[in-house]
Structures are given as structure tokens and as C-alpha cells.
**Q** 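The structure under discussion is supplied below as C-alpha cells; questions concerning it will follow.
Each chain gets a letter, A, B and so on, in the order its sequence line appears, and its residues count up from 1. Only this structure's heavy atoms are used, side chains among them; waters, hydrogens and symmetry mates stay out.
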Amino acid sequence: MVPQGGAPGRPAGGGRENGKGIPGKGRIMRQSKAFIPTLKESPADAEIASHRLLVRAGFLRRVAAGIYEFLPLGTRVVQRICRVVREEMNRAGAQEVILPIMQPRELWEESGRWAKYGPEMMRLKDRAERDFGLGPTHEEVITDLVRNNVSSWRELPLNLYQIGTKFRDEIRPRFGLLRGREFIMKDAYSFDRDQEGMERSYREMYEAYARVFTRCGCTWRAVEAATGLIGGDVSHEFMVPAAVGEDLIAYCGECDYAANLELAEYMRGEPPRGDGGPMERVHTPDRRTIEEVSGFLGLEPSRFVKCLMFLVEDRPTAVLVPGDREANEGKLGRVLGTDEFRLFNEEDWRRFPQYLQGFVGPVGLEVEETIADLYLRGASGLACGANEVDYHLVGVEEGRDFRPGRFADVTSAREGDACPRCGGALHVEAGIEVGQVFQLGLKYSEAMRCTYDDERGETKPMYMGCYGIGVTRLMAAVIEQHHDERGMMWPLEVAPAALHILPLDYQREGRRAAAEELYARCLERGVEVLLDDREESAGVKFADADLIGIPFRAVIGKAFDADGLIELQARATGERSRMGMEELLSHLEGLVEETGLSGE
RNA sequence: CGGGGUGUAGCGCAGCUUGGUCAGCGCGCAUGCUUUGGGAGCAUGAGGUCGGCGGUUCAAAUCCGCCCACCCCGACCA
């Protein structure tokens with residue numbers, strides 16, 4: 001890559017002088033010199049569009065499982081996303097800092113997470129055998145920083161953020177940037193005097209996030225979320241709907257209820273009713289699954305009680321759900337108050353032979369704890385396993401024939417269920433989590449004694465919030481939402497350049513001179529440009545341009561020879577129109593302004 | 001960690017079952033000429049300890065063992 005002007009040392013994210021939100025300024029690349037190794041064929045390991053296209057277009061290369069190198073174009077996109085993030089964070093009053101990746105064990109001992117985080121935290125020792133972890137997140141470090149340097153109510157609220165590399169030793173990295181082990185994240189931490197202050201900070205961050213994702217060109221949805229290892233009470237995830245998303249979310253078509261499926265509630269209808277007759281034992285030879293038995297008995301799966309055996313902290317526990325529903329392990333974990341549980345595996349079935357796989361039922365089941373889904377409260381006319389090989393029970397009544405230890409919401413909502421708020425129909429869709437905000441409350445400040453003195457001199461713990469954006473994951477999410485079979489289609493705000501100049505047959509002096517002039521004048525205006533000055537055939541240039549996905553393209557070809565016209569094309573819509581250079585320059589500025597994405 | 005699979009030139013792959021002119025193809029790369037509105041043509045050429053180590057054999061990319069890396073499914077997770 002050859003620098004083509006632009007002040008050295010200009011901070012990424014500067015360059016607002018043109019005031020139009022046009023990508024960057026001054027950095028122009030000649031494709032003949034730029035390091036943009038494009039590929040005709042897809043890499044064998046890339047399954048999803050963003051991964052495949054980023055590699056093919058020369059933005060990204062893999063160096064180990066879940067670890068990537070960003071090439072110049074990929075780096076630019078990261079920088080442009082960071083610029084948006086910085087602008088919105090700064091606007092919301094947060095201050096940027098730089099925190100270490102490598103963090104001492106002692107801090108993590110204080111919060112209790114050295115033990116709790118498990119193998120997902122990458123651990124290492126220095127030459128003196130001191131333990132360190134590579135930060136998967138930075139609550140401990142930031143809390144330490146603030147407790148050591150902030151002590152008065154006058155200094156609050158405070159909101160600090162950083163954009164940096166995180167490392168999480170994922171069990172199974174996959175999907176390119178969507179689930180890497182090393183990735184770039186923006187994380188912010190707020191410190192407030194009280195609950196109200198924390199809620200205000202939270203709201204401000206929430207709104208900043210909304211602006212970030214919108215500016216990056218995403219359609220997104222904020223949903224209620226579980227807090228996991230980070231902790232805290234209130235949390236929202238920002239989801240970008242995409243088929244390849246690894247999260248499922250439920251949202252109401254009629255009100256604004258939306259939640260991660262891990263905690264989405266839904267209203268149960270009336271429980272099933274039988275005819276009040278006595279329970280009967282029926283022979284069901286070799287039929288174990290709900291499907292087999294329901295077909296055999298001619299009963300709807302929803303009238304079955306599916307009795308799932310879980311091993312919870314090494315004790316068998318029965319979980320009862322309707323036959324047509326899935327148990328939701330996220331909900332179950334919160335009901336159980338532990339994450340140490342799993343569905344019985346083969347070994348567990350052998351270890352507890354009193355439970356007959358395929359014929360377990362709640363009637364007469366000897367187990368310490370039974371948890372039933374809310375739907376089963378007061379239900380009758382049910383069918384279930386008889387705890388006897390080849391037998392099931394029908395006409396079973398909850399309360400009469402069995403009595404669960406407790407009822408809880410332990411099943412997943414699904415398409416068409418009733419919204420818990422308004423009764424409207426819920427929809428379920430897949431999404432990519434690109435950000436999450438948490439009200440942490442006092443979890444870290446109490447554990448790590450991060451306190452301040454209030455107006456009366458009383459020492460109190462700070463109320464904290466934390467807020468993450470997966471920058472590199474967001475980059476992938478943008479592509480998942482903006483691509484076609486030929487390549488990527490970058491939204492202007494995060495594009496690696498605004499304009500791609502394609503002089504066809506570069507050796508023709510007239511075309512070449514026009515291309516050079518256009519590029520020079522774009523430079524004057526601060527419009528970032530990629531100039532394809534390679535002596536490649538038209539087909540190659542078009543194919544690479546489609547792949548790289550710069551939003552606007554100026555084609556200098558036959559129309560130029562005849563009438564001095566340049567063809568302006570929009571990558572996303574395919575719209576094209578011919579015009580002279582002056583017109584093109586002003587048209588380009590117009591389009592850029594229309595996009596309405598300029599920050600400030 | 002369990003199950004499945006793959007490692008042969010920069011990338012994508014064939015060859016392995018049936019050891020022996022199998023070191024091969026396409027793309028890319030280099031050089032020259034032609035070509036330039038949708039991944040051009042011709043010619044010439046460079047490039048691989050066949051993932052590693054060990055074994056069987058007269059002979060191993062090919063058979064066997066161990067190891068490593070990577071991918072997919074699952075468990076887990078922001």
C-alpha cells in the first residue's frame with residue numbers, strides 16, 4: 001500500500017472537515033499498489049456470507065481457529081465502525097481510556113470470577129510464575145481503576161470506555177468474525193451515586209447504542225436479556241436479525257415486548273381437561289418417544305407430560321413440560337439457581353436405573369425435586385410414562401395423581417404464542433447479538449469496595465453499569481444484512497471508501513487522465529476513493545468491485561470516449577446514470593448528504 | 001470433551017479403496033504478444049520434504065500406529 005496523501009498521524013475517526021460524513025478523507029488507494037488479495041473461489045472453511053465475502057474480498061485472513069488478521073480494507077471498516085462508536089460514546093458523555101488485555105489474577109480473585117469464569121478465560125503465567133488472564137471483559141480492571149482514584153460524590157457520575165481486543169477461549173469458534181476467540185470490542189462502564197443515576201446512565205447508553213447501530217446501517221431490535229456471567233439485574237441485548245444468528249428472540253407483533261428466547265415469557269392457555277375419569281394403565285410396547293406414544297394412543301402431544309430427567313448438582317431432578325414443548329435451559333437455570341445441571345446422559349441413566357428411559361412419568365416417581373411448567377397446573381386428561389417398561393398412563397390429573405414440588409416457567413415460547421404483556425401474537429426470529437447493556441448495580445463495587453463519600457460523608461458503594469459492542473461482530477452483522485451473491489454492499493457510513501473509480505482499459509490516455517483527475521478532485525473534497533488503476537479486463541474490475549462493495553462506483557469507459565460522460569453506479573441498488581465530471585462530483589456530494597449520516 | 005471429517009503448489013481440488021512413470025488439474029503467479037463494459041486468448045515458465053514422527057515393504061501421497069492442525073455436529077457461551 002502506498003500512502004497517497006493525508007496527514008500522517010491523523011487519528012482514525014477524525015476527518016470531519018468535509019462535514020458530509022463522507023468516509024474518511026485524504027486516504028486514497030491505488031488498487032495497483034494496495035494490498036487487496038481477492039479470491040475467485042471461496043475458502044473451504046467459510047460457511048456464512050460475511051466470512052466468505054470478507055476473505056474473498058481481501059479484508060480478512062485466518063491465522064488460527066477463531067483468530068484473524070485484518071487486511072487494509074478490513075482495517076478501514078473496523079476503523080470506520082470505531083469512529084461511529086467513538087462519536088456516539090463521546091456524545092453521550094463517556095470518556096475513552098485504554099485498559100490492559102493482560103490482567104493479574106488478584107483482581108479476578110476479588111470479584112470471584114477467577115474461579116467462576118472457567119476455561120473460557122485464557123490464562124497464562126509470567127516468568128515469575130505469576131498468574132494472569134487475558135481479559136474477556138474488563139469489569140475488574142475498571143473497578144480497580146475507579147476505586148483507587150475516585151472518592152467523592154462530586155466526581156460522579158463517571159462513564160469510561162475503551163475499544164480494544166478481548167480474548168475468550170471459545171469452546172467452538174465458528175462463523176468467522178461472528179464467534180471468534182480474539183475480537184475487538186467497545187466496552188463502557190458507568191459509575192453512579194445511586195440507582196436512579198445508574199438508570200439514567202443506562203438509558204443514555206441505550207440510546208447511544210441505538211444511534212450506533214442505525215448509523216452502521218443495521219436494522220436491529222433491542223430485547224430483554226439474561227445477564228450471565230457479567231451479572232446484574234436489568235439487561236438488554238441489541239440484536240441484528242439474520243438467519244445465521246446464534247440467538248433466538250421473541251417479539252410481539254402488537255406491543256413492544258421483545259426478549260431473548262432464553263427468558264421470553266408467554267401466556268399459557270387453559271390447561272387441558274379430561275373427563276374426570278380414573279387414571280388407567282395402558283400397554284405401549286416399544287413406544288418411548290412422545291411421537292410414538294401419541295400416535296399409538298391417538299392423543300395430541302400437548303396432552304402428554306414429558307418428564308425430563310436432569311442431573312442438578314449431581315442430584316436427579318424431574319422437569320415436567322407439555323409433550324409438544326421444549327424445556328428452556330436458560331429459564332431452568334434461573335429457576336434452579338445454578339448453572340450446574342444437564343439433561344441425563346447415557347451414563348446417568350445407567351447410574352440411576354430406577355428411572356426407565358422412555359417410560360418416566362410423574363406419577364409415583366421417586367425423586368427429590370419435581371418442577372413443572374406453568375401450563376400443567378390444574379391440567380387433567382393427561383398421558384405420561386408409567387415408570388414401568390412398555391406402559392403409559394392416561395387420564396392423569398395434576399393434583400390428584402401427582403403433585404409437582406413447584407410450578408415455574410421452564411419452556412420456550414414459540415411462534416404464535418400469546419405475548420405476556422398484551423396477548424398479541426409473538427414472533428420468533430434468529431439474530432446476531434451485536435451489543436448488550438447491563439445494570440450491574442453493586443455486584444462489583446461491593447465485592448471490590450469501589451465506594452465514594454456522599455454529601456454527608458457517608459461511604460457508599462457505586463452503582464455500576466456496563467455496556468458492550470462487539471465491533472468485529474458488528475462488521476460481520478452488517479454484511480449479513482447487506483450483501484448479494486456477488487459480494488458485499490457497504491453502507492456509506494462504514495464503507496472502506498465512498499467511491500470506487502473504474503477506468504476500463506486504463507492504458508487509454510483519455511480515460512486514464514479522467515480517472516486521475518476525478519481521484520484528485522475527490523481527494524480535495526475529502527471523499528475517500530479506491531482507484532482501480534490495474535491493467536485488468538473490465539470483467540475482472542467489475543467482479544472485484546462488486547465483491548469489495550464500495551457504495552458508489554464511477555465507471556470511465558465507452559460513454560466517456562463518445563461524450564465525456566462517466567457512469568455513476570450504486571452498488572446496493574444497481575442504479576446507474578451517466579453524467580459529466582462536474583455533475584458527478586456534486587451528485588456524489590448530494591447522495592452522501594441525502595444519506596443523512598453525518599455525525600455531529 | 002463426545003461424534004464425524006479433512007490435511008497433496010498461494011487458493012480450490014483429483015489421486016489413496018486396488019502400494020510401483022501419480023507429483024497432477026483449475027485458478028492465481030512470472031515473462032512476451034494480443035485483448036479491455038462483466039472474472040479474455042496464445043506461448044513459455046517458476047512453484048509441492050503429499051501436515052509431522054515412526055513402522056510395514058524391494059518400493060509409501062497410497063497400508064498401519066502415534067502426534068499436530070483445521071472443519072462440521074453436539075454439549076457451552078457475549
**Q** Report yes if a donor N or O on one partner sits less than 3.5 Å from an acceptor N or O on the other, where the partners are the side chain of R179(A) and the base of C77(B); otherwise report no.
**A**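 Answer yes: a donor N or O sits under 3.5 Å from an acceptor.
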
**Q** Applying a 3.5 Å limit to both distances, which nucleotide forms a Watson-Crick or G-U wobble pair with C29(B)?
**A**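 WC or wobble partner is G45(B).
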
**Q** Reading nucleotides 41-46 of chain B from the 5' end, what letters show protein touch, with B for base, S for backbone sugar-phosphate only, - for no heavy atom under 4.0 Å?
**A** ------

**Q** Quiz question: going by heavy-atom distance under 3.5 Å, is there a donor-acceptor pair between the base of A75(B) and the side chain of R342(A)?
**A**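 By the distance-only test, no, there is no pair.
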
**Q** Please determine whether a side-chain nitrogen or oxygen atom of K541(A) lies at a distance below 4.0 Å from atom OP1 or OP2 of G39(B).
**A**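 Looking at the OP1 and OP2 atoms of G39(B), neither is under 4.0 Å from any side-chain N or O of K541(A).
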
**Q** Considering only heavy atoms, which members of residues 163-170 of chain A lie under 4.0 Å from some atom of RNA chain B?
**A**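 Heavy-atom contacts with RNA chain B come from R168(A), E170(A).
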
**Q** Tell me, which of residues 55-63 of chain A have any heavy atom that sits under 4.0 Å from an atom in RNA chain B?
**A**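 Heavy-atom cutoff 4.0 Å gives R56(A), R62(A).
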
**Q** Name all residues meeting the side chain to side chain contact (heavy atoms under 4.5 Å, CB included) criterion together with R221(A); count only those two or more places apart in sequence or in a different chain, and write none if there are none.
**A**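 Counting only residues at least two positions away or on another chain, R221(A) forms a side chain to side chain contact (heavy atoms under 4.5 Å, CB included) with V223(A), I249(A), Y251(A), A258(A), E429(A).
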
**Q** Between E88(A) and R215(A), does any side-chain N to carboxylate O distance fall below 4.0 Å?
**A**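 A salt bridge is present here (some side-chain N lies under 4.0 Å from a carboxylate O).
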
**Q** Return the nucleotide paired to C66(B): Watson-Crick means purine N1 to pyrimidine N3 with N6-O4 or O6-N4, wobble means G-U with N1-O2 and O6-N3, both under 3.5 Å.
**A**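 Check on C66(B): paired to G52(B), both distances under 3.5 Å.
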
**Q** Scan G180(A) against the nucleic acid and name what it touches under 4.0 Å (heavy atoms): base, sugar-phosphate only, or nothing.
**A**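 The residue G180(A) makes base contact.
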
**Q** Considering only the P atoms, how many Å lie between U49(B) and C27(B), rounded to the nearest integer?
**A**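 23 Å, rounded to whole Å.
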
**Q** Which one is paired to C1(B), where only Watson-Crick or G-U wobble pairs with both distances under 3.5 angstrom count?
**A**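 Across all strands, the one nucleotide that pairs with C1(B) is G74(B).
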
**Q** Does any donor-acceptor pair link the side chain of D544(A) with the base of G39(B) at a separation under 3.5 Å?
**A**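 Side chain to base: pair found, below 3.5 Å.
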
**Q** So which protein nitrogen or oxygen atoms get under 3.5 Å of nucleotides 8-16 of chain B's nitrogens or oxygens?
**A**
unit_1, atom_1, unit_2, atom_2, d
G12(B), OP1, A44(A), N, 3.4
G12(B), O2', E41(A), OE2, 3.3

**Q** For G15(B) versus U21(B), give the span between their C1' atoms, rounded off to a whole number of Å.
**A**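 Those two atoms are separated by 14 Å.
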
**Q** When rounded to the nearest Å, what value does the distance between C1' atoms of C66(B) and C58(B) take?
**A**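 It works out to 26 Å between them.
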
**Q** Using the C1' atom in both, what is the distance from G48(B) to G10(B), to the nearest Å?
**A**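 To the nearest whole Å, 11 Å.
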
**Q** Output all residues satisfying side-chain hydrogen bond (donor to acceptor under 3.5 Å, both in side chains) with R414(A), sequence neighbours left out; order by chain, then residue number.
**A**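 Per chain and number, R414(A) pairs via side-chain hydrogen bond (donor to acceptor under 3.5 Å, both in side chains) with D324(A).
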
**Q** For residues 173-185 of chain A, which residue pairs pass the salt bridge (charged side-chain N to carboxylate O under 4.0 Å, His left out) check, not counting sequence neighbours?
**A**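 Residue pairs passing salt bridge (charged side-chain N to carboxylate O under 4.0 Å, His left out), neighbours aside: D169(A)-R181(A), E170(A)-R179(A), R174(A)-E246(A), R179(A)-E246(A).
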
**Q** Measuring only the C1' atom in each nucleotide, how far is U17(B) from C73(B)? A whole number of Å is fine.
**A**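 It works out to 26 Å between them.
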
**Q** Need one value for G557(A): base, sugar-phosphate or nothing, where a base atom within 4.0 Å counts as base even if backbone is also close, heavy atoms only.
**A**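 Contact class for G557(A): base.
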
**Q** Output the distance between atom CD1 (I469(A)) and atom CD (Q436(A)), rounded to the nearest 0.5 Å.
**A**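 Here the interatomic distance stands at 12.0 Å.
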
**Q** May I have the list of side-chain donor-acceptor pairs in residues 548-561 of chain A shorter than 3.5 Å, sequence neighbours left out?
**A**
unit_1, atom_1, unit_2, atom_2, d
R553(A), NH1, D546(A), OD1, 3.2
R553(A), NH1, Q569(A), OE1, 3.3
R553(A), NH2, D546(A), OD1, 2.6
D561(A), OD1, R511(A), NE, 3.2
D561(A), OD2, R508(A), NH1, 3.2
D561(A), OD2, R511(A), NE, 3.2
D561(A), OD2, R511(A), NH2, 2.6

**Q** Under the salt bridge (charged side-chain N to carboxylate O under 4.0 Å, His left out) rule, what pairs show up with a residue in residues 223-239 of chain A, not counting sequence neighbours?
**A**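 Pairs touching residues 223-239 of chain A that pass the test: E224(A)-R421(A).
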
**Q** Counting side-chain heavy atoms from C-beta on, which of A40(B), A75(B), C70(B) comes nearest to R172(A)?
**A**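 Per side-chain heavy atoms of R172(A), the pick is A75(B).
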
**Q** Pick the P atom in G65(B) and in A9(B), then give their distance to the nearest Å.
**A**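 To the nearest whole Å, 24 Å.
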
**Q** Please state the P separation for the pair C50(B) and C63(B) - nearest whole angstrom.
**A**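 Their P atoms lie roughly 15 Å apart.
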
**Q** Which of residues 312-320 of chain A have a heavy atom under 4.0 Å from RNA chain B?
**A**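 None, since no heavy atom is under 4.0 Å.
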
**Q** Please state whether the phosphate of U36(B), meaning OP1 or OP2, lies under 4.0 angstrom from any side-chain nitrogen or oxygen of S537(A).
**A**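 S537(A) to U36(B) OP1/OP2: no side-chain N or O under 4.0 Å.
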
**Q** Using the C1' atoms only, state how far G26(B) lies from C71(B), rounded to an integer number of Å.
**A**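 Rounded to whole Å, the distance is 23 Å.
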
**Q** Which residue pairs satisfy the salt bridge (charged side-chain N to carboxylate O under 4.0 Å, His left out) criterion with at least one member in residues 307-316 of chain A, sequence neighbours excluded?
**A**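 Listed by first then second residue: D314(A)-R351(A), R315(A)-E368(A).
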
**Q** Which pairs with one or both residues in residues 55-73 of chain A pass salt bridge (charged side-chain N to carboxylate O under 4.0 Å, His left out), sequence neighbours excluded?
**A**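 Applying salt bridge (charged side-chain N to carboxylate O under 4.0 Å, His left out) to every pair that reaches into residues 55-73 of chain A, excluding sequence neighbours, yields D45(A)-R62(A).
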
